[in-house]
Amino acid sequence: MHAYRTHTCGELRKKDVGIRARLSGWVNRRRDHGGLLFIDLRDHYGITQCVVEPDSPAFAEVDKARSEWVLTLTGKVVARSADTINEDMPTGEVEIHIEEVEVQGVAQELPLPVFGDLDYPEDTRLKYRFLDLRRERLHRNITLRSKVISSIRRRMIEQGFTEFQTPILTASSPEGARDFLVPSRIHPGKFYALPQAPQQFKQLIMVAGFDRYFQIAPCFRDEDARADRSPGEFYQLDLEMSFVTQDDVFAAVEPVLHGVFEEFAEGRKVSPAPFPRIPYDESMLKYGVDKPDLRNPIVITDISGVFAREDVAFKAFKEKTVRAVPAPGAAVQPRSFFDKMSDWARNEMGAPGLGYIVFEDEGGTLTGKGPIAKFLPPAALYEMAQKAGVVAGDALFFAADAKKDRAAALAGQARIRLGRELGLIKEGEFRFCWIVDFPMYEWNEDEKKIDFSHNPFSMPQFKRDLFLALDPANRDAILGIKAYQYDIVCNGVELSSGAIRNHDPDVMLKAFEIAGYPREETEQKFAGMLNAFRYGAPPHGGTAPGIDRIVMLIAGVDNLREVTMFPMNQQAQDLMMNAPGEASLKQLRELHIRVVKPEKA
RNA sequence: GGGGGCGUAGCUCAGUUGGUUAGAGUGACGGCCUGUCACGCCGUAGGUCGCGGGUUCGAGCCCCGUCGCUCCCGCCA
């Protein structure tokens with residue numbers, strides 16, 4: 001008989017009755033009936049009830065065992081009597097009558113109980129991650145993550161993609177985030193950077209003549225954490241293809257994402273391919289964000305024109321961008337509902353307020369109620385209702401600002417909030433969309449200069465010779481340029497961004513020049529890639545959906561730590577391994593590093 | 001860097017307007033119990049109320065500072 005087990009703890013069934021079996025696992029639960037002692041033994045696969053009676057030679061030893069001790073139990077598999085069958089357990093029709101026991105590992109009193117489904121403080125969970133991971137929910141999530149990744153990998157390979165590894169110790173990659181640096185021992189004063197993404201490598205893979213590359217790629221960015229953004233490191237499904245248009249990339253990615261979500265949907269609805277394509281400008285207008293949650297039925301409208309009418313006396317909104325956010329059925333809400341929205345806009349959004357009108361039906365005519373309504377004659381009210389698509393019983397909230405972007409953003413946040421507060425968001429659905437035609441550049445008001453608005457390696461949607469001839473001072477023309485740049489969004493979560501890349505060295509130098517980088521600097525900073533592009537570069541493009549966020553959506557959790565095996569805390573510390581830690585003087589000397597601690601304020 | 005929330009037994013939490021010896025559940029320990037599956041019953045131990053200072057006759061509670069965690073803003077295209 002095997003030293004540790006003949007079966008797993010999730011394996012034994014009625015058909016096994018009569019055999020002698022050996023199980024190893026953790027004591028999930030101990031129930032002492034004096035003359036009779038039950039041990040629920042748990043391993044990765046499941047739980048099996050084991051029983052020992054006082055006349056068994058093993059009784060005294062089993063009696064000592066406590067929660068989370070590791071035991072090897074040997075005994076006969078016995079059918080439970082009809083009245084003791086546990087239908088909630090897969091192994092509930094049988095139990096083991098313990099004849100032998102071996103203690104493999106004892107456990108101290110637990111700082112974090114494994115049994116039960118209570119919530120525990122994050123620092124306790126992180127410090128004792130190995131205990132937290134034993135618990136059913138986390139154990140299931142991490143297993144799910146693995147299944148999702150193998151499903152992705154299988155689907156990518158089926159579509160003709162090939163997986164390659166790219167370096168972890170590399171040069172700084174220009175994704176815009178802060179780099180993690182690794183000092184070089186051999187080259188004093190020089191540093192490797194951990195890749196923020198394998199961006200340049202995957203483009204070089206295309207230049208190298210490979211096609212359809214993918215990788216479940218670790219990415220490193222030294223930026224502060226959020227619930228859906230781990231500090232330091234995360235994984236992307238990184239992919240790149242040659243000789244493709246934007247539509248080809250979409251057509252390659254859609255079946256993978258749709259397939260994976262469908263595979264683990266468990267009854268939830270998944271957008272069929274092709275996913276809707278929404279231009280960036282349209283998304284900013286209708287949803288006020290570039291990552292709309294399409295489960296939310298609210299659509300924002302621009303009604304600046306209504307407040308500009310001569311017969312509208314409400315001066316505060318004149319000459320401003322006014323966006324209307326419908327609140328379907330909100331007429332029945334108490335006054336406090338509207339006050340709370342306004343408080344929220346003031347306190348959290350830094351807005352002067354959030355005006356509103358409640359639409360009602362009075363004898364067949366549409367009327368408006370609320371502080372602003374009296375400034376609008378019936379004709380203006382009617383025009384507004386028409387434009388915003390509201391009827392009697394609905395309300396309209398107004399986001400107004402002299403700056404278009406700020407009005408859009410406030411409206412977008414109000415839309416999200418109203419959707420939640422009014423219970424309008426349909427659960428049990430995965431609604432995908434592509435956001436396309438991102439602007440290539442944006443105006444940096446602080447530094448009074450033109451910046452790349454997203455990925456600097458995207459191909460501008462502009463005729464080559466006209467682009468090369470652009471005057472960098474022609475701000476209007478430049479800010480109007482769109483890029484072949486796209487995001488994929490699911491339920492308001494940005495899963496990835498991607499682009500058709502700029503593979504033309506002249507266009508690339510020009511693109512950087514417009515953003516204020518002299519040619520020499522671009523040449524030097526991206527020497528590897530620019531150089532490669534001068535020896536025959538294919539048109540190529542790709543994208544990189546975030547693995548962690550995909551698993552979060554599928555697992556239905558709102559924190560990355562629920563789907564990450566060994567996460568760090570918000571301060572980017574590993575409380576279990578005590579990382580980051582100090583380096584010894586010897587290590588520092590070898591690396592030619594001296595530590596200068598910040599002065600305490 | 002900034003803002004909100006939290007910090008009381010090993011663990012999860014309660015603790016009224018500032019007022020006697022800070023409680024419960026769970027876990028631990030001891031006892032009883034032969035069919036439980038969150039077993040049940042009885043008992044015992046377990047507390048620097050995050051830390052420091054202040055107000056007060058009196059502080060877990062109020063004030064100031066500080067530390068830790070968390071969520072958000074900045075940042076991350």
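Keep in mind the model is a prediction, meaning the values are calculated, not measured.
Distance A:K64 NZ to B:rC29 C1': 16 Å, rounded to the nearest Å. Separating the CZ atom of A:F452 from the P atom of B:rC76 is a distance of 15 Å, rounded to the nearest angstrom. Atoms CZ (A:R30) and P (B:rC39) sit 11 Å apart, rounded to a whole Å. Rounded to an integer number of Å, the gap from CG of A:D548 to C1' of B:rC76 is 14 Å. Between the C1' atom of B:rG27 and the CZ atom of A:R135 lies a distance of 14 Å, rounded to the nearest Å. With rounding to whole Å, A:K127 atom NZ is found 14 Å from B:rU70 atom P. In this structure, CZ of A:R42 is placed 15 Å from P of B:rA38, rounded to the nearest angstrom. Going from atom CD of A:E223 over to atom C1' of B:rC76 covers 5 Å, rounded to whole Å.
Comparing the C1' positions of B:rG18 and B:rC6 gives a spacing of 22 Å, expressed to the nearest Å. Nucleotides B:rA38 and B:rU26 place their P atoms 14 Å apart, quoted to the nearest Å. Of the P atoms belonging to B:rC75 and B:rU66, the separation is 26 Å, rounded to the nearest Å. A gap of 11 Å separates the C1' atoms of B:rA9 and B:rA24, to the nearest Å. Atom name P, nucleotides B:rG2 and B:rG47: the rounded distance is 37 Å, in whole Å. Here the separation of B:rU17 from B:rC13, taken at their C1' atoms, is 23 Å to the nearest Å. With both ends at atom C1', the span from B:rA14 to B:rG25 equals 10 Å, rounded to whole Å. If you take atom P in B:rG10 and the same atom in B:rC72, they sit 31 Å apart, rounded to whole Å.
Side-chain contact between A:V51 and A:V78 is absent, with no heavy atoms from C-beta onward closer than 4.5 Å. The closest side-chain heavy-atom distance from A:I435 to A:P292 is below 4.5 Å. Residues A:P90 and A:R13 have side chains in contact (heavy-atom distance under 4.5 Å, counting atoms from C-beta outward).
Sequence order on RNA chain B of the closest nucleotides to A:R178 and A:L575 puts A:L575 first from the 5' end. Both A:M89 and A:D228 sit near RNA chain B, but only A:M89 has its closest nucleotide nearer the 5' end.
Not one N or O on the side chain of A:S458 forms a donor-acceptor pair closer than 3.5 Å with the backbone of A:H454. Using modelled atom types, no side-chain atom of A:T564 and backbone atom of A:F566 make a donor-acceptor pair closer than 3.5 Å.
A:R29 comes within 4.0 angstrom of the backbone, heavy atoms only, and of no base. Base contact: A:S497 has a heavy atom under 4.0 Å from a base atom. The residue A:R125 sits apart from the nucleic acid: no heavy atom pair falls under 4.0 Å. Contact annotation for A:F438: no contact, since no heavy-atom pair falls under 4.0 Å across all strands.
Side chain A:R226 to base B:rG74: a donor-acceptor pair is found below 3.5 Å. In the interface, the side chain of A:R229 is paired with the base of B:rC75 through a donor and an acceptor atom under 3.5 Å apart. Side-chain atoms of A:D123 and base atoms of B:rC69 include no donor and acceptor less than 3.5 Å apart.
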Base versus backbone protein contacts along nucleotides 31-36 of chain B [heavy-atom cut-off under 4.0 Å; B, S, -] = --BBBB

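Remark: the A:S56 side chain and the A:E99 side chain contain no N/O donor-acceptor pair separated by less than 3.5 Å.
Residues A:Y484 and A:F438 place their aromatic rings such that the two centres sit no closer than 6.0 Å.
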Watson-Crick and G-U pairing of RNA chain B written in dot-bracket, each distance under 3.5 angstrom, with | for inter-strand partners = (((((((..((((.....[...)))).(((((.......))))).....(((((..]....))))))))))))....

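Of the candidates B:rC75, B:rU12, B:rU70, B:rU12 carries the atom nearest the A:L118 side chain, counting heavy atoms from C-beta on. Among the nucleotides B:rC11, B:rC76, B:rG30, the one closest to any side-chain atom of A:Y120 is B:rC11.
How far CZ of A:R5 is from CG of A:L73: 13.0 Å, rounded to the nearest 0.5 Å. The structure places CG of A:N502 at 12.0 Å from CD of A:Q485, a figure rounded to the nearest 0.5 Å.
Taking 4.0 angstrom as the limit, A:N559 places a side-chain polar atom (N or O) nearer than this to OP1 or OP2 of B:rC71. Close to B:rG68, at under 4.0 Å from its OP1 or OP2, lies no side-chain N or O of A:Q570. The side chain of A:Q571 contributes no N or O atom lying less than 4.0 Å from OP1 or OP2 of B:rG68.
Using bins of under 30°, 30° to 60° and over 60° for the plane-to-plane angle, the ring pair A:Y441/A:F452 lands in the parallel bin.
Electrostatic pairing of A:R31 and A:D40 counts as a salt bridge here, judged by a charged N lying under 4.0 Å from a carboxylate O.
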Passes side chain to side chain donor-acceptor pair (under 3.5 Å), A:E122 versus A:N569? Steps please.
-> CA-CA 8 Å; A:E122 287 295 334; A:N569 70 4; over 6 Å; no

